[in-house]
Structure formats: C-alpha cells, structure tokens
Q: 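My questions will all concern the structure given below.
One is the number of the first residue; the rest follow in order along the sequence. Note that these values count all heavy atoms, side chains included, but never hydrogens, waters or copies made by symmetry. In listed order, ligands and their atoms are each counted from 1.
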Amino acid sequence: MQELGHYIDGKRVAGRSGRTSNVFNPATGEVQAHVALASKAEVDAAVARAAAAQPAWAATNPQRRARVMMEFVHLLNRDMDKLAEALSREHGKTFPDAKGDVQRGLEVIEVCIGAPHLLKGEYTDNASRGIDLYSMRQPVGVVAGISPFNFPAMIPMWQMGPAIAAGNAFILKPSERDPSVPLMLAELLTEAGLPDGILQVMNGDKESVDALLDNPQVSAIGFVGSTPIAAYIYARAAEQGKRVQAFGGAKNHMIIMPDADMEQAADALIGAGYGAAGERCMAVSVAVPVGDETADRLIELLVPRIEKLRVGPWTLGDDVDYGPLVTAEAKARVLGLVERGIEEGAKLVVDGRNFHLQGYENGFFVGPHLFDHVTKDMDIYKTEIFGPVLSTVRAKDYEEALALATDHEYGNGVSIFTRDGDTARDFANRVQVGMVGVNFPIPVPLSYHTFGGWKRSSFGDLNQYGPDAFRFVTKTKTVTGRWPSGIREGHEFHFKSAD
Ligand code: NAD
C-alpha cells in the first residue's frame, strides 16, 4: 500500500501524527493509498520553516523568481501525461479532462512569469514641491491555500503561483481525497529551482486547516471548497486578522431563449452538465428553457444525447465521457438527492439509478439523470448536487429566467443561449452572478482575467488569479520622500497638502 506524507523543506517526508485517511481508486472502490493527516504541531513546524525561508525569497529579484515559474511551466509540459494519469487514478476523471485540469493551472503559472510587471507599484514625481511619492507591493509573508478534491492540479496552482511569484512562502493543504498530484507539483517546483521551504505541502483534514487558521505566522488564507466550510474559514481567519478569500459552491443556470440554436444549446448542456460527472463548480446543473415549446424541444434533443453518454474508467481514454464520483459517500449523497427529487414531484425523464458497469461493480459510478418540471421551492433546485444530474426549470418568460439565476443563493457561473444581441447584453448587465457566458456554457475566464463568483459562492473581496490574486498576496506600502530643496525653514504646524 502506498503511504503518502507531506512535502517539507524540498523533500517528501512521512507523517508523524499516527492519523491517516484512505485514498480510493474511484473506478474500483479499492483503497490504493493512505495519506497522512498532519497534526497541529506538524503544521506549526512547517509554517515556522516557511516563515524563516521567506525573507531571502522576497529579497530575490522578481525576475529570478519569475524564471523559476518559467522552468516550472517547462516541467509541467514535460510531465503532463504523468500528472494527468496520477490525477485520473485518484479523482476518477477522464484522461483528457485530467490534462485539462493540469493545463488550466499551468496557464496561471504562465501569467506568473510576468509577475515583475504586476508588482511594479506606482510613482508620482514632484507630488508637491520637492516631494516624490511612490508605492510598492510587498509580499504578505506566509500564505496558506486549502484546496478541494475536484481540481487537484488546477486550484493548487491558482493559489500557489501568484503567492510564490510575489515573494511569499506558501503552505498548501490539499484535499485528502486526491493528494498525489499536489506532492508531484511540489517536486517539480523544487526541480525548477524554488528554494527549500518556500512551498510546503501539508496533507490533512480539519485539524491541519484549523492549525493554519490559528497560526499567527500565516498572513493570508485562500480557500476553495464547499460553502459551509468557506463561510467557516472566512469567519475564523478574519477574526484572527488575516486576509481571506474563500470560494464556495455553486448552482449554475443556463438560460435557453426561444431563438437559441437548439442543437448547439443541447450539445453545450451535455458537456457542461455531465462532464467530470458534474463534479465541477462551474458545471451547469440547471437548464432554464424559456416557454413550454422551447422546453419540450430541449428535452426531446437532450434525451437521446444523454442515453448515448459513455460512463467508465479513465483507462479507456477517449472512449469515456465521464468517470465515477470521488467516493462512495459522494455517490450515496447524489443518489439520495435523486430520490428526494422524485419525492418532491419533479419528473425524472432519464433515470440513471440502475447504472452498472461490468467488472467495476464496486466503483463509484452514477448514471446520468435528467429532471424536468423542477420548481424553485424544491431541495434539488436549492442544493448543489455535484453529480451527473441536470434539472430543468421551465420559465414562462425572459424576466422569470433572469430572476431565477439572480435570486439563487449561489452566484458562481451562468450562461444564456440566444441569437439576440440585446437580450444577451441585458442579461450580462443585470444578472447577479460573477461569471457570465453568452452562447458559452462554462465561462471560466482565461488566466489573465480573474475567477470568482458572487453571493454565497465567494467570501472576501478579491478573485482568484489575474491581477486580483497579486493584490491579495501583496501589501501596498506608500513612501513620501522630501529632499532638501523642498524643505522650508522653521516649523510647520499644518498638515501638508499639495501646494
Ligand atoms: P470541501 O469543502 O469538503 O473540502 C475543501 C477543503 O476543505 C479540503 O481540503 C478539506 O480537507 C477541507 N475541509 C473539509 N471539511 C473541513 C472542516 N470541517 N474544517 C476545515 N477544513 C475542512 O469541498 P470538496 O468536496 O473537496 O470540493 C467540492 C466543493 O468545492 C463543491 O462545493 C464545489 O462547488 C466547490 N468548488 C468551488 C470552486 C470555486 O472556485 N468556487 C472551485 C472548485 C470547487
């Protein structure tokens, strides 16, 4: 049995707490590894080492730090298949999707190569007589990131890239469900030239997270995961005076207007609703056709597409559309919500409950489900299901569809399918959701923009990656300098202004 520990001071080390968690092969249901769960003492020691290493890294010129990122990109490309294979093995997602997970992280590291440009600060010459004013961005010190199971490569890279490029040390607490890839990323960063101690990977559960939240040497916390935990992290870390950004769950709607290209909309819904078995925070889980005619046509187009979906293990490569859920608990939870939907009176148009895959009977596979006539008071509408279950809520008109997405407690992503420019524009302006797609089902912004939802999908002020991430991991210092030519004789009793 493989034993996975932590990554401290540039190497893998075994856990010492005596506590471990099982890592499953979701396709077979077998335990394939144990991962160590760090104690508070282990986390505190790793943070202390990081804090000691950080000043020298901050003093390294930004272009040299950027070169480490450049080499990291090269190594990620070199090891792409190896990383994707390790990722699929623990997460269960298909091989092409696992490569996408690495790729979308890598693209943020590419932007980090340009960090010196983003860290430049501002300068005002002769702000007043003989006075110059400048501001600089300094690293906050030690930043910690707590990441979810569903993107074990992408999200750790979103969190660690800007922090490290800006001169911070970084502690990553990855998900205990799929810890292999984060450890491999740390090894690659060491190979790329990152000094020891600047990235520490501490595997663990609530005990290690709480140790990070309470450690006074940790200045900023980034979290990505479910909303109840995001709310908890935000409150507890903020109470300790830390910077926090905590991203939570989602319930993403796709509005289909009567004038939409219906074939395109149906294809988009299949990929966005069932891809990665629905285990994406940007998955579309609610289809909102406008008008009964649109709804009937949509269902008619969706059903044969759903019935053709190929569900299976990642080892089958391109022959599989989506894989198993991550754990037996996740599978039981999703199937429980399907039962709840039936009890609530939603119409189950495609029933995946009896899905079986020969040779993989103990795997965590769930067949695809489609509900019609879901209403906004139902639990299956309010709850993030995080599985291959698409709900259809019929709206009578555009305003009702817009209100559904706007009023939902989550506000991560949303999209509209229409051929009408005015409707698309009105929708993008008025909908209360952070990321909007127009004829685009999963609007994850590219790495030089930023990623973040609204409402209970995000707690804190700044988004992930892009310019916002560099603001999050740096503090602004402003210097006002006066030289003898600007100094008048005698005392000055008034507050200086620009004269
Ligand atoms: P999760 O909240 O269960 O776990 C996330 C992290 O928090 C893990 O590292 C876990 O070890 C830790 N954790 C779990 N329970 C904790 C507790 N009680 N105290 C402290 N730490 C705890 O989430 P998950 O199941 O790994 O991931 C799926 C969720 O993440 C979904 O809700 C999904 O929408 C969300 N997600 C959001 C985004 C986003 O950017 N908004 C991106 C990806 C995933």
Side-chain angles (χ1 to χ4, degrees), residues 19 21 23 26 35-38 40 43 90-93 101 104-105 108 144-159 171-179 181-182 201-214 221-237 244-252 276-285 325-327 329-331 333-334 337 383-387 408-413 433-435 442-445 450-460 462-466 468-469:
R19 291 196 311 125
S21 176
V23 180
V35 61
L37 303 175
K40 176 170 164 42
V43 170
E90 289 180 355
H91 177 286
K93 66 174 75 172
D101 192 327
R104 288 307 287 258
V108 166
I146 299 144
S147 56
F149 82 84
N150 67 327
F151 283 100
M154 179 182 87
I155 289 174
M157 284 194 265
W158 287 5
Q159 294 177 323
I171 315 283
L172 175 67
K173 204 305 282 171
S175 169
E176 60 276 43
R177 314 248 175 275
D178 40 19
V181 170
V201 181
M202 299 307 292
N203 281 307
D205 56 2
K206 181 171 168 53
E207 180 175 343
S208 13
V209 173
D210 287 349
L212 290 169
L213 299 179
D214 296 343
I221 298 266
F223 171 87
V224 181
S226 57
T227 287
I229 312 296
Y232 163 75
I233 302 268
Y234 182 68
R236 185 154 168 175
V244 206
Q245 49 173 201
F247 299 91
K251 194 80 179 176
N252 306 314
E279 288 178 323
R280 287 181 182 141
C281 68
M282 288 294 276
V284 172
S285 49
L325 295 187
V326 69
T327 56
E329 292 75 39
K331 175 176 175 173
R333 183 180 165 279
V334 168
L337 280 160
T383 311
E384 180 184 42
I385 298 178
F386 227 53
H408 202 284
E409 72 165 323
Y410 295 119
N412 218 33
V433 174
M435 292 172 282
I442 307 189
V444 175
T450 69
F451 179 106
W454 287 10
K455 298 178 283 183
R456 289 184 68 78
S457 293
S458 168
F459 301 80
L462 293 166
N463 278 356
Q464 303 190 77
Y465 65 76
D468 266 18

Q: If we only consider heavy atoms of G453, is any one of them less than 4.0 Å away from an atom in ligand 1?
A: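 So G453 does not count as touching ligand 1.
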Q: Does only the side chain of S147 get under 4.0 Å from ligand 1, or the backbone, or both, or neither? Count heavy atoms.
A: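 Looking at S147 and ligand 1, just backbone atoms fall under 4.0 Å.
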Q: Between F151 and ligand 1, which part of the residue brings a heavy atom under 4.0 Å of the ligand: side chain, backbone, both or neither?
A: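 The answer is neither; F151 stays 4.0 Å or more away.
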Q: What do we get for E384 next to ligand 1 when only non-hydrogen atoms under 4.0 Å count, side chain, backbone, both or neither?
A: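 The part of E384 near ligand 1 is the side chain, not the backbone.
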Q: Please list, chain by chain and in numerical order, all residues satisfying salt bridge (Lys or Arg N to Asp or Glu O under 4.0 Å) with K173, sequence neighbours excluded.
A: E176
Q: Which atoms form the tightest heavy-atom contact between R104 and W158, and what is the distance?
A: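 Heavy-atom minimum between the residues: O-NE1, 3.3 Å.
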Q: Ignoring hydrogens and angles, tell me if any N or O in the side chain of N412 forms a donor-acceptor pair with the backbone of G434 under 3.5 Å.
A: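 No: the side chain of N412 does not pair with the backbone of G434.
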Q: Indicate yes or no: does an N/O atom of S226 lie under 3.5 Å from an N/O atom of ligand 1?
A: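 Yes; the residue has a nitrogen or oxygen that sits under 3.5 Å from a nitrogen or oxygen of the ligand.
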Q: Is a donor on one side and an acceptor on the other found under 3.5 Å between the side chain of R19 and the backbone of D205?
A: no
Q: Measuring from atom 19 (N) of ligand 1, which candidate in E207, K206, E176, Q464 has the nearest non-hydrogen atom?
A: K206
Q: Counting heavy atoms only, which part of P174 comes closer than 4.0 Å to ligand 1: side chain, backbone, both or neither?
A: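 P174 to ligand 1: backbone contact only, side chain stays beyond 4.0 Å.
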Q: For the 3.5 Å polar cut-off, considering only N or O atoms, please tell me whether W158 and ligand 1 meet it.
A: no
Q: Using a 4.0 Å heavy-atom cut-off, say whether R177 meets ligand 1 through its side chain, its backbone, both or neither.
A: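 The answer is neither.
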Q: Using heavy atoms and a 4.0 Å limit, tell me yes or no: is I155 in contact with ligand 1?
A: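 I155 counts as a contact of ligand 1 under the 4.0 Å cut-off.
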Q: So for ligand 1, is F451 a polar contact partner (N or O within less than 3.5 Å, distance only)?
A: no
Q: I'd like to know if F386 contacts ligand 1, where contact means a heavy-atom distance under 4.0 Å to any ligand atom.
A: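 Right, F386 reaches ligand 1.
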Q: Where on R280 is there a heavy atom closer than 4.0 Å to ligand 1, on the side chain, on the backbone, on both, or on neither?
A: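 No part of R280 is near ligand 1 at this cut-off.
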Q: Can you tell me which residue among P26, P179, P152, S175 is in a side-chain contact (heavy atoms from CB on, under 4.5 Å) with E90?
A: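 The option that passes is P179.
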Q: Distance to 0.1 Å, residue and atom name: give those for the protein heavy atom nearest to atom 36 (N) of ligand 1.
A: C281 CB, 3.6 Å
Q: Locate the shortest heavy-atom distance separating V433 from W454; write the atom from each residue and the value.
A: N-CE3, 3.7 Å
Q: Please report which non-hydrogen protein atom sits nearest to atom 44 (C) of ligand 1, along with the residue it belongs to and the distance in Å to one decimal place.
A: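 That would be N150 OD1, 3.2 Å.
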Q: What's the separation between atom NZ in K40 and atom OG in S208, rounded to the nearest 0.5 Å?
A: 11.0 Å
Q: Does the protein put any heavy atom within less than 4.0 Å of atom 34 (O) of ligand 1?
A: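 Answer yes: something from the protein, a heavy atom, is under 4.0 Å.
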